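The structure presented is a predicted model; accordingly, all values stated were derived computationally and were not measured. Naming convention: chains lettered A, B, ... in sequence-line order (proteins, then strands); numbering from 1 in each chain.
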Amino acid sequence: MEYNFRDIESRWQKQWAEEGIYHVGECNGKPKFYVLNMFPYPSGAGLHVGHPLGYIASDIYARYKRLQGFNVLNPMGYDAYGLPAEQHAIKTGQHPEISTFQNIDHYREQLDKIGFSFDWNREVRTCTPDYYHWTQWAFQKMFGSFFCNKKQKAMPIEVLTAHFEQEGTGDWDVACTEEMHFTAEEWNSWDARKQSDVLMNYRLAFMGETMVNWCPQLGTVLANDEVVNGVSERGGYPVEQKKMRQWCLRVSAYSQRLLDGLDTIQWSDSIKETQRNWIGRSEGTEVQISVAGSDVRFTIFTTRADTMFGVTFFVLAPESELVDQVTTAGQRKEVDEYIKYVKSRTERERMIDHTVTGVFSGAYGINPITGDKCPIYIAEYVLAGYGTGAIMAVPAHDSRDYAFAKHFGLPIIPLVEGADVSEESYDAKEGIVTNSPVSEDKSVKYDGEALCLNGLSIKEAIQETKRFVSAHNLGRVKVNYRLRDAIFSRQRYWGEPFPVYYRQGIPTMIPEECLPVELPEVEKFLPTETGEPPLGNAQIWAWDEANRKVVDKALVDEKTIFPIELYTMPGFAGSSAYYLRYMDPKNDHALVSEEAASYWQNVDLYVGGSEHATGHLIYSRFWNKFLFDLGVSKKEEPFQKLINQGMIQGWSSFVFRVKGTQKYVSFDLLDVQYDDTAKKNRYFFEGMEADPIYTDISTVKNGNQLDVEKFREWMPEFKDAEIITNEAGNYIISQAIEKMSKSKYNVVNPDDICERYGADTLRLYEMFLGPIEQSKPWDTNGIDGCFRFLKKAWGLFWAKDSDALAVSDEEPTRENLKTLHRLIKKVSEDIEEFSYNTSIPAFMVAVGELQQQKCRSRKVLEQLVVLMAPFTPHVSEELWHALGHDTTVCDASWPELCEEYLKEESVTLGVQFNGKVRFSMEFPADATPEQMREMAETAPEAAKYLEGMQVVKVVAVPKRIVNFVVKPGK
RNA sequence: GCGCUUGUGGCGAAAUGGUAGACGCGCCAGACUUAGGAUCUGGUGUCUCGCGACGUAGGGGUUCGAGUCCCCUCAAGCGCACCA
């Protein structure tokens, strides 16, 4: 019987959907397993072959786990809010929801063709009110919480206000934007507005005046991970630094927990390391510096407390508030000019250009250890956002300070024995400290004690200085994190609205029972003429406190009716807790019920791209930890194991058009020159320049030739093209590996593959391409091999030239069982290790062997069907039913491995002399090393190698090798 | 600059420290076919007529034995980057 994949696949896909065989519930009899893919953003371009890579890998794992008896949750949904839909809406005037839903339908259609075992009953879309209800709810909970540093836990804000009423700030160590100190009397004397402002310093979701990444072209602020190389990730527009009042999430409060959690999860080292870098923990010392002749004091942060004796100047960040306080009248003008210059520079300029700039403030700081007066500079190489925005400069042991000192002619004092600092600084943290102090009178005594570090190693010196500084109250030991709080508002339309109104200017939460606050209709999706965000265009957008509903904003009276927030939430809001919602997607009363959360716990296997390392994967860990503190989430970490599938790239193809003509020249006829200034190749034909132009992959034949007819048909503008071919009459194209994208015409569509080869072949081939975590270009050429394999496997079950099943009840031979169990072993191991690319060859070999063995045994073939089921569900289902089962193959059991069949009676091993294999011979599989040695030594082939030689040593490893170490002599 | 990852045929890639290149693509030859991008069989790392020798980016080391473990160098990719 012919392998008719079109019929098989469409028939089973329909039946699976009708019978709902992939729907799961909370089943306490079975152990749970939660498999999850990063849900896609449904773009207008549809799926390309890269998207399903991760879905197929996780689907194989999900099906495998199900066959092993687990109750597997494998859901899918859509990250439906996003910029492209909004940009499309601005262009066309069409509501973004319409295009988004159309795209979702298209995605679903494409996904359904590949035969995934998703439970579509649990689908979520981040843009539907029943979903973002819980995004808003979580935000309100964060607003209503603060973080206790000692307990390392979020707590209700009421606990903090009660404390303020009783004791003021006291010495409670609480995560905050800036440290504040006030008494209970002060707190109680403040009005609601002032109290609200102060609480913003502590809330986990708060409004803060912070430096933000402002993108004028997009008209919105962006999170740090949305800015790449100083330009916006979406669109590549310039980004400026701007001080703005924005909603923020106090992600930094969880820095330590985010760091510690990494040790408890199975993620790749590279992604854990990326997150560690992003969190950027650094242990150091804060030291108080007083300004000479003034009351002003400031704090510096250093990780090199051992270098206190080498300080020759101090530096403040230009944005620091201290700049104004410190600057002397004489230097005012120069400082102002410098600040103006710094402000004129964009983020991008600052990143690329590291030339030394700075200005003297006129003031001097006093080094508390040496008593020295050192000049205070202002320079942009010190960042306001890190540490205290002020540093002590030790040019001898910090390359940046060194460059600055050289530029401004400041002294350089080496502090490490043997360090030569005449050409460059000595930054290494190794060596013995000297010059600290140079002489006794160079260090200040506190309580009769002076710091002396001479003779200590640098590490010891750091510890000693920390002790000294803390003991004499000159500063304290401090841990800093690079991780910044996340800016949580966007000036866009297509996002979750904030459930917040402004009660006489005070941000106030809309009552929890009134959620969700639905995104209002607007006429235009652009900012208003007065520069308000798009929601400023919404008419029905005011909160009526008395009637507890959203009303016309014309009614705002600031007594009972107030304006609602115009900002919306960023993309990561909806994607931060969706894995919890899948557990209980239709719950109206809670994000997730207690029962569902307790049963499903967290995601066992999460599959998605590594590009989310510092975005989604940090935010959702933060979000989950917060929900864990609330008791909603049951696990500290949301994703136990993470697999990052590589990106599938496309082959872009180029033709070359001579400038200003319709001549298209074959690539091999061109002169290629590298343009050093433009950093790209330029192409010339008979002295005229030719431009590379993308051509569609469908116009390419034989790997690198242009199919001229298809090319002419592809676009009207090429219809009358003058094609200049090479001598052989072929037109050679040029190719490049690039990201798959519609605009590069290199997209390979999974639908086309399914149409031509079937979903099972597509699934096999995507896994066969290479290791799942590696990026690789898509190459359709190899797919025939997988298709042939399926036809071969199919052929095992059917009689030749007839529709009859050719399976018998005969007992399997030992050979059959050996092949089968070798396959069981290999495939089980491979799936556990996600090396699917090597199990497909194993299938190929096994099927080849069974074919050669003329195996017709039902017992063997039935198990083969089950083994293939995770990879090729359609074929397996068809064969499973053909073999007479009336249940789905998904409910079969994964075959048990029986090592007995793998045992060898004898084994052929290479016999080596001095490490080189000279001949092979048979050994009993259970031979001991002694027996092996004896057999090898007495073998006739061995004689010529042992002739006149002395045996120094023999190494015999059962099932591995026999090696004689010999040397001449007797 | 720091961190992570990767270097194996024409290509995608395999190899618990044990005969490197399984399997697939491509290519070559043959079979069946009255031309097809079908199917099947065999071959295919390099050098050599052959015996054989050499081969896993380069160099060193550990080992009876190294693609694999250790050290150094080089190259590529990704991430972070005046983070004090």
Between [options], spot the one nearest the side chain of [X], thanks.
| X | options | result |
| --- | --- | --- |
| A:Ile391 | B:A84, B:U19, B:C23 | B:A84 |
| A:Trp278 | B:C80, B:C23, B:G37 | B:C80 |
| A:Arg756 | B:G18, B:C23, B:G37 | B:G37 |
| A:Asn781 | B:A84, B:C25, B:C4 | B:C25 |
| A:Glu380 | B:C82, B:G18, B:C23 | B:C82 |
| A:Ser282 | B:G3, B:A84, B:C82 | B:A84 |
| A:Gln774 | B:A13, B:C23, B:A81 | B:A13 |
| A:Pro841 | B:A14, B:C23, B:C4 | B:C23 |
| A:Lys791 | B:U39, B:C82, B:G18 | B:U39 |

TODO: Using a 4.0 Å heavy-atom cut-off across all strands, classify A:Asn963 as base, sugar-phosphate, or nothing.
DONE: base
If pairing requires Watson-Crick or G-U wobble contacts with both distances under 3.5 Å, which nucleotide is the partner of [N]?
| N | result |
| --- | --- |
| B:A13 | none |
| B:C4 | B:G77 |
| B:U68 | none |
| B:G50 | none |

Does [N] have OP1 or OP2 under 4.0 Å away from a side-chain N or O of [X]?
| X | N | answer |
| --- | --- | --- |
| A:Tyr381 | B:A84 | no |
| A:Arg482 | B:A81 | yes |
| A:Arg788 | B:U39 | yes |
| A:Ser270 | B:G3 | no |
| A:Asn837 | B:C23 | no |
| A:Lys953 | B:C64 | yes |

Open item on the list: What is the separation between atom CZ on A:Arg281 and atom P on B:C2, rounded to the nearest whole Å?
Closed with: 23 Å
TODO: Can you tell me the distance, in whole Å, between the CG atom of A:Leu909 and the P atom of B:U19?
DONE: 10 Å
- [ ] Report the residue (A:Phe301 or A:Asn277) whose heavy-atom-nearest nucleotide on RNA chain B is the more 5′ of the two.
- [x] A:Asn277
TODO: Inspect the contact between A:Glu283 and A:Lys478 and indicate whether a charged nitrogen and a carboxylate oxygen are less than 4.0 angstrom apart.
DONE: no
Open item on the list: Main chain of A:Thr838, side chain of A:Ser835: is a donor-acceptor contact present, judged purely on distance under 3.5 Å?
Closed with: no
Show me the side-chain donor-acceptor pairs of residues 785-796 of chain A shorter than 3.5 Å, one per line, residues at least two apart or across chains.
| unit_1 | atom_1 | unit_2 | atom_2 | d |
| --- | --- | --- | --- | --- |
| A:Trp794 | NE1 | A:Met1 | O | 3.0 |
| A:Trp794 | NE1 | A:Glu2 | O | 3.2 |

